[in-house]
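Chain letters run A, B, ... following the sequence lines, proteins first, then strands; residues in each count from 1. Worth saying up front: this structure is predicted, and the values here are computed from it rather than measured.
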Amino acid sequence: MNYPYVTEFRQSLVEWFNVEKRDLPWRHTTDPYQIWVSEVMLQQTRVDTVIPYYNRFMESFPTLELLAEAPQEYLLKHWEGLGYYSRARNLQAGVREVLENYGGVVPNNRHEISKLKGVGPYTAGAILSIAYNKPEHAVDGNVMRVLSRVLNIHDDIAVPKTKKIFEAAVEELIDPENASSFNQGLMELGALICTPTSPKCLLCPVREYCTAFNKGEPEKLPIKSKKVKMKHITYDVLVCEDDKGRILMEKRPAEGLLANLWQFPMLEHGKDSIDTFSNDYAIKVQSQQALLTFKHVFSHLTWHINSYFMKCDSTVKGEWLTPEQIELLPMPVPMLKIWQEIKTKSYCLK
DNA sequence: AATGCGGGGTG
DNA sequence: CACCCAGCATT
C-alpha cells in the first residue's frame, strides 16, 4: 500500500504535536521506566485521572528497583481507585523481570519487551517509540478512531483482528525520524481534536489529508459494534465494630475481581446467610443500623449495595483492625465510600 | 474470538 | 441512561 502525501501528513502532524501538546508529567522524561508506568496507568484510563496517581507513584517508586522491592499492599494502596488492579501486579512482575533478565535495562526491541508481564502490543510500541524513538506502531482506541477517519477505514474496530489493519497503516505512515512525536501526535489528536463526537475538524492539522473530513461526516467513523450484557448482584455489606472500636475486615482472593484488595464482609443476596456469617466469625450482634444504600457500576457488572453498621461482641476469629490500620489497606471504591461515611458520621470510636 | 477486569467523565 | 477511555491476560 502506498499513501499519497505521506511526507506532508507526517510533517503536519509532528509539527502540530510539538507546538500544541499538553504539558503532562510523563512528558518531562524519556526514562523507559517512567514512560512504562505512565503507559500502564493510561490503559483504559483518562489523562486527568492518571496525573495525580502518576505523580504520587513516582514520588514513592522513583526507580525500577524501588518498585521491585515494594510490598504488594503498599503498591496497591498507590493504585487504589485507579481500577484494573492487575495492572499494578503485572507492572511489578514486569520490572522484576527486567532486573533479573535484562540487568535493569528496559529492552529496546519489540520481541523482548513484549515478554514482560502486562506489556501488550500497544504498550510495547508506546515505550519503544516514546522512550527510544523507535519507529514502532502503538495502536490504541484513539489511533484507530483518527486513522479510520483519515484513511476511510470501515472495518469494525470491536473485532480484534481489525487492529492489524491499523498497525500496518501506522508502519507505512510513521515518521522514521520522529517516531515519538508521530505516535504521540496521533493520540493527542484523538484526545483533543479528533474526538468521538463532534470532532473539531477546523482545528485539525491534517484535515486536508482526511477522507472523512472531505466527505463531510467524520463522526460516522469508526465503526464499532458490540454491546455487553450487564450482570447485577446485590450485597449486604456489614461494618462490624467490637467493644474496643476495632472493625472486621476481609482480604479478597488473589484472583479475579478486585484481587487482594480489602473489604468489609459482604453477604450476597440469596446466597450467603447472616446466620452462617455470624457463626463463622463467632459474632453476636448487639445492635444494627442502616448505613448507605447505593449502586456501583463496573465495566461488566453492577453491585447493588446495602450497608449496615453493627455493634458486636468481641471475638477471636477474623481480622479485627483499628481505624489507623484500615487507613493503610487498599480498598475498592465502594468500600471507601462506606468507610468515608463511617468517619464522617463518626459511628466508630476512633 | 470472547470474556473478565475499575472507575470516572460526558451528553 | 449509554457510551467512551493512552489494553492485557486468559480461555
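Atom CG in Leu189(A) sits about 12 Å away from atom P in dA6(C), given to the nearest Å. Going from atom CZ of Arg46(A) over to atom P of dC5(C) covers 8 Å, rounded to whole Å. Atom CG of Leu24(A) and atom C1' of dA6(C) are 11 Å apart (whole Å). In this structure, Trp26(A) atom CH2 and dA6(C) atom C1' are separated by 9 Å, rounded to whole Å. Per the geometry, CG belonging to Asp156(A) stands 12 Å off C1' belonging to dA1(B), to the nearest Å. Following rounding to the nearest Å, Ile51(A) (CD1) and dG8(B) (C1') show an atom-to-atom distance of 14 Å. Whole-Å rounding puts the Ile113(A) CD1 to dC8(C) P distance at 11 Å. A straight line from CG of Leu301(A) to P of dT3(B) spans 15 Å, rounded to a whole angstrom.
Residue contacts for Leu82(A): at a heavy-atom cut-off of 4.0 Å it reaches a base atom on one of the strands shown. No contact: Thr49(A) has no heavy atom under 4.0 Å from any strand. Here Ser38(A) lies out of heavy-atom contact (under 4.0 Å) with every strand. Contacts of Val119(A) with the nucleic acid, taken as non-hydrogen atoms under 4.0 Å apart, involve only primed sugar atoms and P, OP1 or OP2. Residue contacts for Trp79(A): at a heavy-atom cut-off of 4.0 Å it reaches no nucleic acid atom on any strand shown. Within 4.0 Å (heavy atoms only), Arg252(A) reaches no atom of the nucleic acid at all.
Glu39(A) and Gln43(A) are not linked by any side-chain donor-acceptor pair at a separation below 3.5 angstrom, with hydrogens and angles left out of the test. For the residue pair Gln184(A)/Arg27(A), the side-chain donor-acceptor check at 3.5 Å is satisfied.
For the pair Ala158(A) and His296(A), both in contact range of DNA chain B, the more 5′-proximal nearest nucleotide belongs to Ala158(A). Along DNA chain C, the nucleotide nearest to Ser114(A) and the one nearest to Glu39(A) differ in position, and the one closer to the 5' end is contacted by Glu39(A). Nearer the 5' end of DNA chain C, as judged by each residue's closest nucleotide, is the contact made by Arg27(A), out of Arg27(A) and Asn90(A). Comparing Lys231(A) and Gly81(A) against DNA chain B, the residue whose closest nucleotide sits nearer the 5' end is Lys231(A).
Phosphate contact (OP1/OP2 of dG7(B), side-chain N/O of Tyr85(A), threshold under 4.0 Å): present. Considering only side-chain N and O atoms, His300(A) lies nowhere under 4.0 angstrom from the phosphate OP1 or OP2 of dG4(B). Side-chain N/O atoms of Thr45(A) include none lying less than 4.0 angstrom from OP1 or OP2 on dG6(B). In terms of phosphate contacts, Gln43(A) brings no side-chain nitrogen or oxygen within less than 4.0 Å of OP1 or OP2 of dG7(C). In this model, the phosphate group of dC1(C) is approached by a side-chain N or O of Lys295(A) to a distance below 4.0 Å at OP1 or OP2.
Contact annotation: the side chain of Tyr308(A) never approaches that of Cys240(A) to less than 4.5 Å [non-hydrogen atoms, C-beta and beyond].
When each of Ile193(A), Leu186(A), Leu151(A), Leu13(A) is checked for a side-chain contact (heavy atoms from CB on, under 4.5 Å) with Val146(A), only Leu186(A) meets the rule.
A gap of 23 Å separates the C1' atoms of dA9(C) and dG8(B), to the nearest Å. Rounded to the nearest Å, the gap between the P atom of dG6(B) and that of dT11(C) is 16 Å. The same atom, P, is picked in dA6(C) and in dG4(B); the two are 24 Å apart, to the nearest Å.
Of all nucleotides listed (dC5(C), dG7(B), dA6(C)), dA6(C) comes nearest to the side chain of Tyr122(A). When the nucleotides dA6(C), dG6(B), dC5(C) are ranked by their closest atom to the side chain of Asn142(A), dA6(C) comes out on top. Of the candidate nucleotides dC8(C), dC5(B), dA6(C), dC8(C) has the atom nearest to the side chain of Thr123(A). Comparing atom distances between the Pro121(A) side chain and each of dA6(C), dG6(B), dC8(C) picks out dC8(C) as nearest.
Arg149(A) has no carboxylate O lying under 4.0 Å from a charged side-chain N of Glu217(A), or vice versa, which leaves the two without a salt bridge. A salt bridge is defined here as a Lys NZ or Arg NE, NH1 or NH2 lying under 4.0 Å from an Asp or Glu carboxylate O, and Arg96(A) with Glu65(A) fails to meet this definition.
By the 6.0 Å contact criterion, NE2 on His232(A) is enclosed, its count of non-hydrogen atoms from other residues, nucleotides or ligands being greater than 12.
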